[in-house]
Undergrad: 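Mind looking over this structure? Questions follow.
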Amino acid sequence: MNIEAKIRNIILQALRELYHCNDALSESLIQVEMTRPDIEGDYTVVVFPLLRFSRKSPADTGDELGRYLKNNVPEILSYQVIKGFVNLRLDNFYWISFLNEITENKDFWMTNPIGKQDTIMIEFSSPNTNKPLHLGHIRNNLIGNSLSLILKSIGNTVIKSNLVNDRGIHICKSMLAYIRFGHGETPESIGRKGDHLVGDYYVKFDQEYKKEVNDLTRLGMSEEEAANKAPLMQEAREMLRLWESNDPDTRKLWQQMNGWVYKGFAETYDRLGISFDITDYESETYHLGKQLVIAGLSDGLFSRDTDGSVWVDLTGEGLDKKILLRSDGTSVYITQDIGTANYRFNNHKPDKLIYVVGNEQNYHFQVLALIMKKLGYDWADQLYHLSYGMVELPSGRMKSREGTVVDADDIIDEMIDTAAKISAELGKLNELNEDDKTRIIKTIALGALKYFILKVDPKKNMTFIPEESIDFNGNTGPFIQYTFARICSVLRKAEDLNIITGHISVQQLPLNKRETGLIKLAHSFRSVVSDSASDMNPALIANFCYELAREYNQFYHDYPVIKEENEDYRKFRLNLSAAVASILRSGMGLLGIEMPEKM
RNA sequence: GGUCCAGUAGCUCAGGGGAUAGAGCAACAGCCUUCUAAGCUGUGGGUCGCAGGUUCGAUUCCUGCCUGGAUCACCA
């Protein structure tokens, strides 16, 4: 049992013994938290909520509780009551033995699953195949990937799933523009990455289409009508019909262009260090769900309009009516998701299905969950939409069609260039060979990018400021990587000098504020991971790693490690440094960020 | 208009019923013959959007309002 839980238990016992309160409800009134750093102590009990039991002043109650705790919890060395807060100080032996525990088990953090062992399917990435990935997709991928790692680390079985949106009018737009303006060029012939090439034609379509709409409105047509009647749009629709009717030429071009895109995506995923256990294609799954809707219709859950379209009425749930099948009997977006959700629960039997999808889809997923419930699936409650916020630019939203996006490949390149430049300036990698140098620079660049994205609460929108965001100082990935590399360097030196590390046999060692601060942070790592899993929020881990790194740097600045002359102290500080490094690697690892041993 | 989310320092973001609200960036001033200066230290910068309510205690919870965003398609 951890010390915090122990303290809570003893308080409960104290309340019973001192104030004869048997109230089970009192448990929720017991507040035990970590003591603020500027106040003497390790854990703090808030006494105000307990006054109703003691019917005494905060000072007297605090004093009685403090004394009781000190007498009944051997780890507690002393207590001090300040303004209604009992600040408890733990005996150093507790911290030293905790550090020993970490030191003796190298994989202390990773070999202790602390969560429920569920099978969790997590869908993320799910790109459209008509354009390359941009910063928004990077956020999606990083959150999905990190969340997978976090959930896995606490003992769940995780299935990473990607549903590629490979069909639809948007792809037809790229295809059409390519036929019109492409002159048969290929990624190889012009040396352009496939996803970018296809994206170029998507933008091209939009430009030409806008011209047509402008021309038509100038001739007196309303904007709405012009948007509908523009020849390019009509042709794109025709192409979608041809695709759906399996027209060989259309399918051939579709396969060719999608192939280019997949090759491009694979490269970007690879650079980001992202992989999937399952990749599904919407062209193969989009027909799923239709039967479920028809079955629901005959069960009277849905209704058919006079034109043949099928609807669900969610006004009772505070939402609107939603179309489930078009009047021509074809599926819409939500129909597909009904089908794929069912398909997934049938085939993979997950306990939970998490969709990592932008918050613009909140309504969609609300509707999806309600429909699944109406259809009577008991797993409807296990659908979870991890709704993440948009990445915006100072100028506003990114729009692929208008080319106002921060491209994924570009930003990665830029980060690598910057990392290389800074490394060259600092000259610390000079004696390494080119391969190692390149690898480390890449690690730093991606660390910076990933950390930058993941340190922000996924739920919140974030603003990307190009000039300021590519930073390698302060609250950044490289700062944490640097701290790690620094510790590695110290540990290497200690090994070279044959300094003995390992179990500390002494029970007592006067520890300074930095040292206890570091151990306390280390102590809380596990609960941070567990919180980040239950909140589905990698940012908690990111911010924890930053805090730990900062605390370590302060310690490192103030106190010698190898050069400490007292042998016990030196050993202790080396163990502490090793523990910090191991937590940093584990924590950052959960964000999908690698840690360089030199930088 | 309905629904959902957000509003904390000049900027980007943490925090969150509890003690004096924190970082980074930007600005300024310091610290490298000593374990990696991508580091450390200091200075300035705040009516936690506004108004009520609950509470011993509210920046945190509730209600209303203001502002910004998303969404409410026979697009996906």
Undergrad: Side chain of A/Y556, heavy atoms from C-beta onward: which of B/U36, B/A19, B/U71 has the nearest atom to it?
TA: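 Nucleotide nearest to A/Y556's side chain: B/U36.
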
Undergrad: Provide the distance between the two C1' atoms, one in B/G57 and one in B/G17, to the nearest whole Å.
TA: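 Those two atoms are separated by 8 Å.
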
Undergrad: I need the NZ-C1' distance between A/K322 and B/C75, as an integer number of Å.
TA: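 So the two atoms are 10 Å apart, to the nearest Å.
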
Undergrad: Measure from the side-chain heavy atoms of A/E282 and tell me the nearest of B/A76, B/A70, B/C35.
TA: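 That would be B/A76.
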
Undergrad: Looking at B/A21, I'd like to know if its phosphate oxygens (OP1 or OP2) sit under 4.0 Å from a side-chain N or O belonging to A/R36.
TA: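 Result: no.
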
Undergrad: Watson-Crick or G-U wobble partner for B/C40, using a 3.5 Å limit on both distances?
TA: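 Across all strands, the one nucleotide that pairs with B/C40 is B/G30.
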
Undergrad: When you compare the ring of A/F85 with the six-membered ring of B/A19's base, are the centres less than 5.5 Å apart and the planes under 30° from each other?
TA: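 Stacked: centres under 5.5 Å apart, planes under 30°.
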
Undergrad: When the ring centroid of A/Y202 is compared with that of A/F205, is the distance short of 6.0 Å?
TA: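 When the ring centroids of A/Y202 and A/F205 are compared, they turn out to be at least 6.0 Å apart.
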
Undergrad: Please pick, from B/G18, B/A73, B/A23, the nucleotide with the shortest atom-to-atom distance to any side-chain atom of A/I323.
TA: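 It is B/A73.
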
Undergrad: Which whole number of Å gives the distance between the C1' atom of B/G69 and that of B/C62?
TA: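 Each nucleotide's C1' atom is 24 Å from the other's.
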
Undergrad: Between B/C40, B/A14, B/U12, which nucleotide has the shortest distance from any of its atoms to the side chain of A/I465?
TA: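 Side chain of A/I465 sits closest to B/U12.
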
Undergrad: Determine: side-chain N/O of A/Q554 to OP1/OP2 of B/U41, distance under 4.0 Å, yes or no.
TA: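 It does, given that an N or O in the side chain of A/Q554 lies less than 4.0 Å from OP1 or OP2 of B/U41.
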
Undergrad: What is the separation between atom NE2 on A/H170 and atom P on B/A73, rounded to the nearest whole Å?
TA: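 One finds 20 Å between P of B/A73 and NE2 of A/H170, rounded.
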
Undergrad: May I ask you to check whether over 12 heavy atoms, not counting those of A/K373, lie within 6.0 Å of atom NZ?
TA: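 No, NZ of A/K373 has 12 or fewer neighbouring heavy atoms, counting only those of other groups under 6.0 Å.
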
Undergrad: Describe the nucleic acid contact of A/Q31 in one word from base, sugar-phosphate, nothing, applying a heavy-atom distance below 4.0 Å.
TA: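 Answer is base: heavy atoms of A/Q31 come under 4.0 Å of a base.
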
Undergrad: Between A/E360 and A/K83, which residue's closest nucleotide on RNA chain B lies nearer the 5′ terminus?
TA: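 Result: A/K83.
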
Undergrad: Going by the angle between their ring planes, with limits at 30° and 60°, are A/Y286 and A/W243 parallel, tilted or perpendicular?
TA: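 Rings of A/Y286 and A/W243: tilted, 30 to 60°.
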
Undergrad: Atom CD of A/Q234 to atom C1' of B/C75: distance rounded to whole Å?
TA: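 For the pair A/Q234 CD and B/C75 C1', the rounded distance is 16 Å.
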
Undergrad: Between P on B/A70 and CG on A/L319, what's the gap in Å once rounded to a whole number?
TA: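 A/L319 atom CG is separated from B/A70 atom P by 20 Å.
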
Undergrad: Could you state the NZ-P distance from A/K399 to B/A76, rounded to the nearest angstrom?
TA: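 That distance rounds to 21 Å.
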
Undergrad: Give me the distance, rounded to whole Å, that separates B/A27 from B/U20 when you measure between the P atoms they each carry.
TA: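 Rounded to whole Å, the distance is 33 Å.
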
Undergrad: I'd like the P distance from B/A76 over to B/U71, given in whole Å.
TA: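 So the two P atoms sit 16 Å from each other.
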
Undergrad: Let's see if you can work this out: which of B/G18, B/A37, B/G69 has an atom nearest to the side-chain heavy atoms of A/E392?
TA: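 So the side chain of A/E392 is nearest to B/G69.
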
Undergrad: Which nucleotide, if any, forms a Watson-Crick or G-U wobble pair with B/C50, using both distances under 3.5 Å?
TA: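 Its partner is B/G64 (Watson-Crick or G-U wobble, both distances under 3.5 Å).
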
Undergrad: Classify the ring geometry between A/Y333 and A/H364 as parallel (under 30°), tilted (30 to 60°) or perpendicular (over 60°).
TA: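 Judged by the thresholds at 30° and 60°, the geometry between A/Y333 and A/H364 is parallel.
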
Undergrad: Using Watson-Crick or G-U wobble geometry with both distances under 3.5 Å, which nucleotide pairs with B/U71?
TA: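 Pairing partner, where one exists within any strand: B/G2.
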
Undergrad: Is a side-chain N or O of A/K455 found less than 3.5 angstrom from the main chain of A/N475, in a donor-acceptor match?
TA: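 Confirmed, A/K455 side chain pairs with A/N475 backbone.
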
Undergrad: Is the phosphate of B/G39, meaning OP1 or OP2, less than 4.0 Å from a side-chain N or O of A/N473?
TA: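 True: A/N473 side-chain N/O within range (under 4.0 Å) of B/G39 OP1/OP2.
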
Undergrad: B/A14 phosphate, OP1 or OP2: any side-chain N/O from A/K460 under 4.0 angstrom?
TA: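 For B/A14, OP1 or OP2 has a side-chain N or O of A/K460 closer than 4.0 Å.
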
Undergrad: Considering every strand and a 4.0 Å limit on heavy-atom distances, what is the contact class for A/V456: base, sugar-phosphate, or nothing?
TA: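 Sugar-phosphate, no base atom in range.
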
Undergrad: Is the distance from OP1 or OP2 of B/G24 to the nearest side-chain N or O of A/K455 less than 4.0 Å?
TA: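 Indeed not, no polar side-chain atom of A/K455 lies that close.
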
Undergrad: When the distance from NZ of A/K321 to C1' of B/C72 is rounded to whole Å, what number comes out?
TA: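 My rounded result for the distance is 15 Å.
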
Undergrad: Given the P atoms of B/U12 and B/G18, what is the spacing between them in whole Å?
TA: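 Those two atoms are separated by 26 Å.
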
Undergrad: Tell me the interatomic distance from A/L432, atom CG, to B/U36, atom C1', rounded to whole angstroms.
TA: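 To the nearest whole Å, that distance equals 13 Å.
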
Undergrad: Whom does B/G10 pair with, Watson-Crick or G-U wobble, provided both distances fall under 3.5 Å?
TA: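 By the stated definition (distances under 3.5 Å), B/C25 pairs with B/G10.
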
Undergrad: Does A/K493 place a side-chain N or O at less than 4.0 Å from the phosphate oxygens OP1/OP2 of B/U36?
TA: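 For A/K493, the contact criterion (side-chain N or O under 4.0 Å from OP1 or OP2 of B/U36) is met.
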
Undergrad: Report, as yes or no, whether the 6.0 Å neighbourhood of atom CD on A/E425 holds more than 12 heavy atoms from other residues, nucleotides or ligands.
TA: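 Yes, enclosed.
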
Undergrad: Considering only B/A76, B/A73, B/C40, which nucleotide approaches the side chain of A/H557 most closely?
TA: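 In terms of side-chain proximity for A/H557, the closest of B/A76, B/A73, B/C40 is B/C40.
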
Undergrad: Within this structure, what is the CG-to-P distance between A/N130 and B/C75, rounded to whole angstrom?
TA: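 Going from CG in A/N130 over to P in B/C75 covers 17 Å.
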
Undergrad: Where the side chain of A/N128 is defined as all heavy atoms beyond and including C-beta, which of B/G39, B/U12, B/A76 is the nearest nucleotide?
TA: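 Of the options given, the side chain of A/N128 lies nearest B/A76.
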
Undergrad: Scan A/S489 against the nucleic acid and name what it touches under 4.0 Å (heavy atoms): base, sugar-phosphate only, or nothing.
TA: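 Base, at least one base atom sits under 4.0 Å.
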
Undergrad: Would you indicate which nucleotide in B/C35, B/A76, B/G39 comes nearest to any side-chain atom of A/N553?
TA: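 Of all the options, the side chain of A/N553 is nearest to B/G39.
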
Undergrad: For residues A/F452 and A/F464, establish whether the separation of their ring centroids is below 6.0 Å.
TA: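 That pair passes the under 6.0 Å test.
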
Undergrad: Using the C1' atom on both, measure B/G49 against B/G44 and round to a whole Å.
TA: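 To the nearest whole Å, 25 Å.
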
Undergrad: Under 5.5 Å between ring centres and under 30° between planes: true for A/F48 and the base of B/G18?
TA: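 Aromatic stack with B/G18 present for A/F48.
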
Undergrad: Report yes if at least one side-chain N or O of A/R326 is closer than 4.0 Å to OP1 or OP2 of B/C75; otherwise report no.
TA: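 A/R326 to B/C75 OP1/OP2: side-chain N or O found under 4.0 Å.
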
Undergrad: Are any non-hydrogen side-chain atoms of A/L548 and A/L518 less than 4.5 angstrom apart?
TA: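 They are in side-chain contact.
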
Undergrad: Look at A/R36 together with A/D38 and state whether they make a salt bridge at an N to O cut-off of under 4.0 Å.
TA: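 Salt bridge present between A/R36 and A/D38.
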
Undergrad: Whether A/T44 contacts B/G18 is assessed here as follows: a side-chain N or O lying under 4.0 Å from the phosphate OP1 or OP2. Is that the case?
TA: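 So the side chain of A/T44 is outside the cut-off, no N or O lying under 4.0 Å from OP1 or OP2 of B/G18.
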
Undergrad: Consider the side chain of A/Y546, meaning its heavy atoms from C-beta on, and name the nucleotide among B/C25, B/C75, B/G24 that approaches it most closely.
TA: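 Within the option list, the nearest is B/G24.
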
Undergrad: State which of B/C40, B/U20, B/U36 makes the closest approach to the side chain of A/K598.
TA: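 Closest nucleotide to the A/K598 side chain: B/U36.
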
Undergrad: If I pick the P atom on B/G42 and the same atom on B/C61, what distance separates them, to the nearest angstrom?
TA: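 Pairwise P distance, B/C61 against B/G42, rounds to 32 Å.
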
Undergrad: So what does A/N87 hit on the nucleic acid, given a heavy-atom distance under 4.0 Å: a base, only sugar-phosphate, or nothing?
TA: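 Base, at least one base atom sits under 4.0 Å.
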
Undergrad: Remember a base hit wins even if backbone is also touched, and classify A/F472 as base, sugar-phosphate or nothing at under 4.0 Å, heavy atoms.
TA: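 Base, at least one base atom sits under 4.0 Å.
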
Undergrad: Classify the nucleic acid contact of A/L51 as base, sugar-phosphate or nothing, counting any heavy atom under 4.0 Å across all strands shown.
TA: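 A/L51: no heavy atom of the nucleic acid under 4.0 Å.
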
Undergrad: Rounding to an integer number of angstrom, what distance separates B/C48 and B/U8 when you compare their P atoms?
TA: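 Each nucleotide's P atom is 11 Å from the other's.
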
Undergrad: Pick from A/V312, A/L324, A/I334, A/V332: which one makes a side chain to side chain contact (heavy atoms under 4.5 Å, CB included) with A/V293?
TA: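 Only match with A/V293 under side chain to side chain contact (heavy atoms under 4.5 Å, CB included): A/L324.
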
Undergrad: Taking for each residue the nucleotide of RNA chain B with the nearest heavy atom, is it A/Y333 or A/D320 whose nucleotide lies nearer the 5' end?
TA: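 Its nearest nucleotide lies further toward 5', so the answer is A/D320.
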
Undergrad: With a cut-off of less than 4.0 Å, is there a side-chain N or O of A/R570 near OP1 or OP2 of B/C35?
TA: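 A/R570 to B/C35 OP1/OP2: no side-chain N or O under 4.0 Å.
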
Undergrad: Does A/P58 reach a base, just sugar-phosphate, or nothing at all? Heavy atoms under 4.0 Å.
TA: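 Here A/P58 touches no strand at all.
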
Undergrad: Base, sugar-phosphate, or nothing: which does A/M390 touch, judged by heavy atoms less than 4.0 Å apart?
TA: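 The residue A/M390 makes no contact with any strand.
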
Undergrad: I want to verify the glycosidic state of B/C65; is it syn or anti under the 90° rule?
TA: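 It is anti.
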
Undergrad: Please classify the nucleic acid contact of A/L240 as base, sugar-phosphate, or nothing, using heavy-atom distances under 4.0 Å.
TA: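 Since no nucleic acid heavy atom lies under 4.0 Å of A/L240, the category is nothing.
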
